[in-house]
Amino acid sequence: QVQLVESGGGLVQTGGSLRLSCVASGRAFDSYAMGWFRQAPGKEREFVAAIRWSGSMTLYADSVRGRFTISRDNAKSTLYLQMDSLKPEDTAVYYCAANPFLVLTKDQDQYRAWGRGTQVTVSS
């Protein structure tokens with residue numbers, strides 16, 4: 001099983017940028033597809049972005065496509081989420097998750113390991 005720890009969250013103004021990181025330990029990082037999810041207060045957790053184990057394919061939610069970029073460095077066992085042009089509606093706790101299956105997916109049930117999350121707050 002892989003263990004995940006997120007960092008990089010914080011308070012930023014509308015239009016600003018943040019880069020989230022997720023460091024993995026335990027089982028080989030490059031045996032997992034990885035994803036980012038988020039949960040805003042009073043709302044269900046939702047998919048943000050996913051990346052294949054090799055980094056060769058990515059998937060984005062419509063709400064973040066063109067503003068967020070997911071990437072990974074397998075040598076460092078680290079997943080990233082570059083967030084630009086942030087909006088107040090991006091305010092949420094952001095979670096990274098590991099998916100042992102080969103198919104790139106938005107389905108949370110396919111992700112078998114989760115971090116504890118990092119708070120992102122975008123002020124208007």
| query | Is the NZ or CZ atom of Arg45 positioned over Tyr95's six-membered ring, under 6.0 angstrom from the centre and within 45° of the axis? | reply | yes
| Heavy-atom pair with the smallest gap, counting every atom of Leu79 and Gly35 | CD2-O, 3.9 Å
| Taking every non-hydrogen atom, the tightest pair across Ser31 and Ala28 | OG-O, 2.6 Å
| query | Is the backbone of Asp84 close enough, under 3.5 Å, to the side chain of Ser17 for a donor and an acceptor to pair up by distance? | reply | no
Side-chain contact, heavy-atom cut-off 4.5 Å: [X] with [Y]?
{"X": "Thr91", "Y": "Gln119", "result": "yes"}
{"X": "Asn99", "Y": "Arg52", "result": "no"}
{"X": "Leu18", "Y": "Leu86", "result": "yes"}
{"X": "Thr14", "Y": "Pro88", "result": "yes"}
{"X": "Leu81", "Y": "Thr69", "result": "no"}

For residues [X] and [Y]: do they belong to one hydrophobic cluster (side chain heavy atoms under 4.5 Å, members Ile, Leu, Val, Met, Phe, Trp, Tyr)?
{"X": "Trp36", "Y": "Val12", "value": "yes"}
{"X": "Val93", "Y": "Val64", "value": "no"}
{"X": "Ile51", "Y": "Met57", "value": "no"}

| request: Scan for ring pair (Phe, Tyr, Trp, His ring centres under 6.0 Å) pairs involving residues 8-34, sequence neighbours excluded, and state none if there are none. | output: none
| query | Which residue pairs pass the ring pair (Phe, Tyr, Trp, His ring centres under 6.0 Å) test with at least one member in residues 43-92, sequence neighbours excluded? | reply | Phe37-Phe47
| field | With Arg19 via side-chain hydrogen bond (donor to acceptor under 3.5 Å, both in side chains) - residues at least two apart | value | none
| said: Taking side-chain hydrogen bond (donor to acceptor under 3.5 Å, both in side chains) as the definition, give me every residue that meets it alongside Tyr111, ordered by chain and number, with sequence neighbours left out. | reply: none
| query | OG1 of Thr58 to CG of Leu104: how many Å apart, nearest 0.5 Å? | reply | 7.5 Å
| query | Could you state the interatomic distance from CE (Met34) to CG (Asn74), rounded to the nearest 0.5 Å? | reply | 10.0 Å
| remark: Besides Val103, the hydrophobic cluster formed by Ile, Leu, Val, Met, Phe, Trp and Tyr side chains linked at under 4.5 Å, directly or via other members, contains none
| query | Can you pull the salt bridge (Lys or Arg N to Asp or Glu O under 4.0 Å) pairs that have at least one residue in residues 100-114, sequence neighbours excluded? | reply | none
| task | Determine which pairs satisfy salt bridge (Lys or Arg N to Asp or Glu O under 4.0 Å) with at least one residue from residues 69-83, sequence neighbours left out, and list them in order. | result | none
| Those residues that, when tested against Glu89, pass salt bridge (Lys or Arg N to Asp or Glu O under 4.0 Å) (two or more places apart) | none
| request: Name all residues meeting the salt bridge (Lys or Arg N to Asp or Glu O under 4.0 Å) criterion together with Arg67; count only those two or more places apart in sequence or in a different chain, and write none if there are none. | output: Asp90
| task | For Ala113, enumerate each residue passing the side chain to side chain contact (heavy atoms under 4.5 Å, CB included) test, keeping only those at least two apart in sequence or located in another chain. | result | Gln1, Val2, Leu4, Ala98
| task | Enumerate the residue pairs fulfilling disulfide (SG to SG under 2.5 Å) with a member in residues 92-124, sequence neighbours excluded, ordered by first and then second residue. | result | Cys22-Cys96
| Met83 and Leu20: CA distance, side-chain angles, deciding distance, side-chain contact (heavy atoms from CB on, under 4.5 Å) verdict | CA-CA 8 Å; Met83 305 187 295; Leu20 305 184; 3.8 Å; yes
| field | Summary of side chain to side chain donor-acceptor pair (under 3.5 Å) pairs that have at least one residue in residues 2-13, sequence neighbours excluded | value | none
